[in-house]
Amino acid sequence: MSEPGIPLSRPNLTDEEIQSVVEVLHTDRLSIGPRLEAFEAACAARSGRRYGIGVNSGTSGLHLCVKALGIGEGDEVITTPFSFIATTNAVLFERARPVFVDIDPESYNLDPTAIEAAITPRTKAILPVESFGNPAHFDEYERIARAHGLLLIEDCCEALGGVLGQRPVGSFGECGVFAFYPNKQITTGEGGMIVTDSAPIRDLCVSMRNQGRATEAWLSHARLGYNYRLSEVNAALGEGQMRRLDEILAKRRRAAAMYDRALGDIEEIHLPPMAERERASWFVYVVRLADRFDAAGRDKVLAHLRNAGVACANYFAPIHLQPYIMEMLGTKPGLFPVTERTADRTIALPFFAKLAQEQVDRVRSALEDALAALA
Ligand SMILES: Cc1ncc(COP(=O)(O)O)c(C=O)c1O
């Protein structure tokens with residue numbers, strides 16, 4: 001009998017956390033209640049912010065931040081082409097223009113040395129991402145934003161609990177956004193969280209996530225709004241997961257260290273470029289094939305791993321090469337060579353808190369076989 005496959009990600013939930021969801025279901029408050037408030041407070045505290053605003057996804061959170069900061073038609077937002085698509089979509093929702101800047105090959109985050117050349121009189125904000133949980137350069141982005149009078153939104157959807165220097169992830173710029181899809185460090189099933197120190201941003205986001213309501217009066221609407229509410233069911237899960245965040249992050253660091261040891265001597269790959277491996281919040285474990293390989297080789301490795309029961313993915317596909325983005329923004333291959341070179345060669349391996357040494361060994365052996373088949 002063949003061994004069971006190894007999934008790409010797996011939530012880490014305790015019976016107690018599952019029970020907390022059941023408890024909510026026994027109450028009359030299934031939305032907008034005490035679990036949401038507690039979850040918001042926990043996320044705000046962890047990111048060194050005054051306020052947390054729970055929403056139903058990271059994408060909704062980014063959208064509300066863009067709107068709350070008054071970013072709209074005619075404005076440019078400098079962002080990275082090497083991210084999950086929602087980063088760019090949040091800008092497009094408001095008819096503002098994403099202006100891509102290439103990434104730094106050492107961190108996979110927006111290249112801070114390339115930002116200033118992209119600033120124009122229309123630039124209103126910078127929207128960088130902690131790719132794969134790496135907080136590198138956020139202090140530099142903040143410095144650049146301040147020097148040029150620009151707003152900074154931190155897309156920290158992949159980096160909850162990480163630290164850069166003395167600063168927690170989520171504390172940079174006007175606001176930050178976390179996400180809690182089941183592949184994330186902690187999950188609420190679906191969910192997101194805006195964190196900010198600004199009372200006006202908080203008030204706008206609270207109103208807009210709830211149909212633009214002005215006050216407690218249910219049918220009084222002050223502005224265009226959405227239903228981006230996070231239910232008590234989801235928030236209960238988030239509250240429990242937040243209580244165990246340090247334990248979960250420690251387990252994920254341990255899993256990353258197991259991979260580092262198991263894969264460190266494979267000459268054909270580069271390990272994840274996470275500078276501070278012990279303080280980072282690991283979202284995924286992404287290796288990069290050496291420069292002599294290409295996307296076709298990478299795809300063969302993916303196919304080989306999948307055949308061996310090892311789930312894997314090409315993380316990320318460049319945003320500027322998605323067909324609708326090319327059509328909307330006129331982007332084309334060759335514009336962001338570091339992003340393209342990186343995206344052609346990166347592979348996300350199975351990664352979750354309870355990853356076992358035996359699974360890491362299986363991944364290594366499948367990877368070695370795949371690379372040998374390429375030679
Ligand atoms: C960098 C980044 N931004 C935004 C999002 C969007 O989050 P969600 O899937 O909760 O909408 C994600 C997560 O999937 C992400 O990784």
Member of Gln241, Glu247, Glu239 meeting the side chain to side chain donor-acceptor pair (under 3.5 Å) criterion with Arg243: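 The side chain to side chain donor-acceptor pair (under 3.5 Å) with Arg243 is passed solely by Glu239 among Gln241, Glu247, Glu239.
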Is a side-chain N or O of [X] found less than 3.5 angstrom from the main chain of [Y], in a donor-acceptor match?
X: Arg277; Y: Pro272; result: yes
X: Asn210; Y: Arg213; result: no
X: Glu232; Y: Gly33; result: yes
X: Thr88; Y: Ile85; result: no

By the definition side-chain contact (heavy atoms from CB on, under 4.5 Å), identify the one residue from Ile126, Asp104, Asp102 that meets it with Leu110.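 Output: one option passes, namely Ile126.
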May I ask whether [X] and [Y] are part of the same hydrophobic cluster, defined by side-chain heavy atoms of I, L, V, M, F, W, Y residues being less than 4.5 angstrom apart, directly or through others?
X: Val206; Y: Leu230; result: no
X: Val101; Y: Ile103; result: no
X: Leu92; Y: Tyr228; result: no

Salt-bridge present ([X], [Y]; N to O < 4.0 Å):
X: Glu73; Y: Arg97; result: no
X: Glu94; Y: Lys67; result: yes
X: Asp260; Y: Arg253; result: no
X: Asp197; Y: Arg49; result: yes
X: Glu267; Y: Arg292; result: yes
X: Asp246; Y: Arg46; result: yes

Is there side-chain contact between [X] and [Y], with at least one heavy-atom pair below 4.5 Å?
X: Gln211; Y: Arg229; value: yes
X: Asn109; Y: Tyr141; value: yes
X: Leu160; Y: Met242; value: yes
X: Cys65; Y: Ile194; value: yes

Begin from the C-alpha positions of Asp344 and Arg288 and carry the test salt bridge (charged side-chain N to carboxylate O under 4.0 Å, His left out) through to its verdict. CA-CA 9 Å; Asp344 278 352; Arg288 193 180 87 242; over 6 Å; no
Within 6.0 Å of [atom1] in [X], more than 12 heavy atoms from elsewhere:
X: Glu327; atom1: CD; answer: no
X: Arg223; atom1: CZ; answer: yes
X: Phe293; atom1: CZ; answer: yes
X: Asn227; atom1: CG; answer: yes

Stepwise, does the salt bridge (charged side-chain N to carboxylate O under 4.0 Å, His left out) test hold for Glu278 with Arg252? CA-CA 10 Å; Glu278 281 305 309; Arg252 294 175 80 94; over 6 Å; no
Measure across [X] and [Y] and return the closest heavy-atom pair with its distance rounded to 0.1 Å.
X: Leu355; Y: Val360; value: CD2-CG2, 3.6 Å
X: Met193; Y: Cys43; value: CG-CB, 3.6 Å
X: Arg362; Y: Ala308; value: NH2-O, 3.9 Å

Within 45° of the ring axis of Phe172 and under 6.0 Å from its six-membered ring centre, is that where the NZ or CZ of Arg167 lies?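 Pair Arg167/Phe172 counts as cation-pi.
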Please name the residue in the list Trp282, Phe316, Phe283, Tyr285 that meets the ring-ring contact (aromatic ring centres under 6.0 Å, His included) test with Phe132.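 Result for ring-ring contact (aromatic ring centres under 6.0 Å, His included) with Phe132: Phe316.
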Stepwise salt bridge (charged side-chain N to carboxylate O under 4.0 Å, His left out) check, Arg122 with Asp75: CA-CA 5 Å; Arg122 289 172 178 266; Asp75 294 328; over 6 Å; no
Take the angle between the ring planes of Phe100 and His320 and call it parallel below 30°, perpendicular above 60°, tilted in between.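 Correct class here is tilted.
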